[in-house]
Amino acid sequence: MRTTHMFIPTLREDPGEAEVISHRLMLRSGMIRKVAAGIYSYLPLGLRVIRKVEQIIREEMNRIGAQEVLLPVLSPAELWQETERWDFYGKELIRCQDRHDRDFCLGPTHEEVVTDLFRREVRSYRQLPVTLYQIQTKFRDEIRPRFGLMRGREFIMKDAYSFDQNEGEAQKNYQAMYEAYHRIFTRTGLQFRAVEADTGLIGGTSSHEFMVLANTGEELIVFDPESSYAANVERAEVVPVERSQSITSPQPLKKVSTPQAKTVTEVCQLLNTTPDRLVKTLLYTTPDNSPIAVLIRGDHQANEIKIQRHLGIHDLTLADSECVRTLTNAPTGFAGPIGLHGLTILADHAVGTLSNFIVGANEADMHYINANAGRDFTIDVTGDFRQAQAGDSSPQSQAKLETARGIEVGHVFMLGTKYSEKMGATYLDSQGAEHNAVMGCYGIGVGRTVAAAIEQNHDDRGIMWPIPIAPFHVHLLPVTNSERVHEVTQALYAELQQANIEVLLDDREERAGVKFNDADLIGSPFQVVIGDKGLAQGTIDLKERIRGEKMPIAPSKLTAYVREKLARDVNWP
RNA sequence: CGGGGCGUAGCGCAGCCCGGUAGCGCGCCUGCUUUGGGAGCAGGAUGUCGGAGGUUCAAAUCCUCUCGCCCCGACCA
């Protein structure tokens, strides 16, 4: 492809709208342009990368027997009402009406549509298993779209759905999908990790997220450096520690003045102690308006997902200051369990191991010291209600957990029969008995994968594409304007293409510096500089983008050299 | 939805506090010179100052409303 024939509007300066590196580089290299918040056009260069990722996904989906379909973007409200997600999905589901005022939505995911397809067409166990997938644009009206393709409102996603006769078969399918995901992300050249994930409200038995490791990731994961254990902090179970410190015998409860000290840090400073000697009391309101209190050690973070799961609800909000005042007769920052009545008190395991700790006194500017559970107040339920953090014990070895940031690029779910039950997706077994199909669903964010690849592969000059997803393999840069350079360039261009190598030829009348800078920005793995200086020695210069330095090579050897290099990284040809 | 910020030429920004001529850099067009890491000189084009209302002799600038965008938080099958 010739640059003069390809629409690659590169930007010399950083666009003001972009904060994270992948977003900036995608805009600057002319891969994407914004149309509205969280909505982007893919320009030729960006689309080429998207297509490469899609192709890898296709190959691996097909390899495990999944079949490609294309489901509609627009789907009727009735399907969503059947599963109650029409109401449940909330504002994230973008809705519209047709000319007859019938309700529709733009699909944020396709369980309903695909389950409907299944129940209409599949009758017998003989037709199972079946796994369908599509690569298609989804729409979710995110509260806050950000980071370019990382969290858009409209985005390209591969979603797959499996239907099996029973749990065991479904589990096999899940495993096959899990392995396919490993191959996909390995092939895209990314450093990633599969982690145990929360199954969320979708329920089900198993769920793993595929995280590309990057400091800019939105997700926090914990992992065990000595075993294979890794999990999203939302999900990671915290192993209760035995009461290790010598148990200090209970001291008399004492109320102390802590003026203005509302936060854990402030209280600690004032009382000259450390956060692990303090217990914070978090007040929440639930959907049925019954408040609850959750006790968490001062240096720990509450995990609302775990609390919700325990309570069997899906909506938990931290009580507002008015509500706190009603419950505790004190302003926020001084809530405590002592004398708190009429609501359930949950406590994290870690709280149970403490004695003589500090709590709020339910009175402005006052705290208690030497509080002890059982003597001073009653805990209704003890459980795992906090977020895992670095230094916690691994559930699988003696090691301490470490944390890392990740970008969620893929998610696999065992759905069970949640959707098949609600929508009546059944089949008849060999005995003629009717059963609900057991389902799994599996997503990959295509655009997000591209963004993650850039987060992981760039320097201060631009992108450094992994070979399998690079928009072009070789970027030809004729850098002086002689007849000789022109001839060699044309010959190489033809020869490389002949060898099935994807070449971008910068045939613009630009100065060398401009071409070099654009080439580094666009990030093709190989840059080839053709100039009179080199040709005088009978050579051209080859620069591998990830290495950086140029090395002279005879023009006649270029194609073979590049082919050999590519062969190491890609299934080639 | 809460908090913060920004909308001025294609892009990046200044000007706004303190009302009076719309500016800078990059890009773009023409010509000459240059030509291996974002060239130099000369000439040139480009703006409903996000939109609507108001105050004023006069509004990019002050006031009110509104739309869009960015950042932090809450949210995220």
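The shown structure was predicted, so the numbers you read here are calculated from the model rather than taken from an experiment. Excluded from the calculations below are hydrogen atoms, water molecules and symmetry mates; all remaining heavy atoms, backbone and side chain alike, are included.
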task: Sticking with atom C1', work out how far B:A60 lies from B:A9, rounded to a whole angstrom.
output: 14 Å

- prompt: For every nucleotide of nucleotides 34-41 of chain B, 5' to 3': is a protein heavy atom under 4.0 Å from its base (B), only from its sugar-phosphate (S), or from neither (-)?
  reply: BSBBBB--

message: Output the rounded distance in Å from CE (A:Met157) to P (B:C76).
response: 16 Å

- request: Could you tell me whether A:His411 and A:Tyr442 have their ring centroids closer than 6.0 angstrom?
  value: no

Residue list, salt bridge (Lys or Arg N to Asp or Glu O under 4.0 Å) with A:Glu60, at least two apart or on another chain: A:Arg63, A:Arg183, A:Arg187

query: Just by distance, with hydrogens left out, do A:His458 and A:Glu455 show a side-chain donor and acceptor under 3.5 Å apart?
result: no

message: How many whole angstroms separate atom CD of A:Gln308 from atom C1' of B:C75?
response: 11 Å

Short N/O separations, protein against nucleotides 66-74 of chain B, under 3.5 angstrom:
| from | atom 1 | to | atom 2 | distance (Å) |
| --- | --- | --- | --- | --- |
| B:C69 | OP1 | A:Ala37 | N | 2.9 |
| B:C69 | O3' | A:Lys34 | NZ | 3.0 |
| B:C72 | OP2 | A:Arg144 | NH1 | 3.0 |
| B:C72 | OP2 | A:Arg144 | NH2 | 2.6 |

P gap between B:G25 and B:A14, integer Å: 15 Å

task: Pick the C1' atom in B:G68 and in B:A22, then give their distance to the nearest Å.
output: 23 Å

query: When the nearest nucleotide of RNA chain B is assigned to A:Pro15 and to A:Glu219 on a heavy-atom basis, which residue is associated with the more 5' position?
result: A:Pro15

message: The test is side chain to side chain donor-acceptor pair (under 3.5 Å); show your working for A:Lys138 and A:His110 and say whether it passes.
response: CA-CA 9 Å; A:Lys138 299 274 192 275; A:His110 282 76; 3.2 Å; yes

message: Testing the 3.5 Å rule here: is there a donor-acceptor pair between the side chains of A:Thr489 and A:Glu487?
response: no

query: Does a donor on one side chain and an acceptor on the other come within less than 3.5 Å for A:Glu219 and A:Asn232?
result: yes

- request: Determine the interatomic distance between P on B:U8 and the same-named atom on B:C69; round to the nearest Å.
  value: 14 Å

message: Would you measure the distance from the P atom in B:G20 across to the matching atom in B:G15 and give it in whole Å?
response: 14 Å

field: Pairs satisfying ring-ring contact (aromatic ring centres under 6.0 Å, His included), at least one member in residues 14-38 of chain A, at least two apart
entry: A:His23-A:Tyr40

message: Expressed as a whole number of angstroms, how long is the span from A:Leu27:CG to B:G10:C1'?
response: 15 Å

message: Run the salt bridge (Lys or Arg N to Asp or Glu O under 4.0 Å) test against A:Glu13 and tell me which residues pass, sequence neighbours left out.
response: none

task: Please state whether the base of B:A77 and the side chain of A:Arg140 form at least one donor-acceptor pair under 3.5 Å?
output: yes

Side chain to side chain donor-acceptor pair (under 3.5 Å) partners of residues 520-530 of chain A, not counting sequence neighbours, each pair once: A:Arg461-A:Asp520, A:Asp520-A:Gln527, A:Asp520-A:Lys543

field: d(CZ, A:Arg33; C1', B:G10) in whole Å
entry: 10 Å

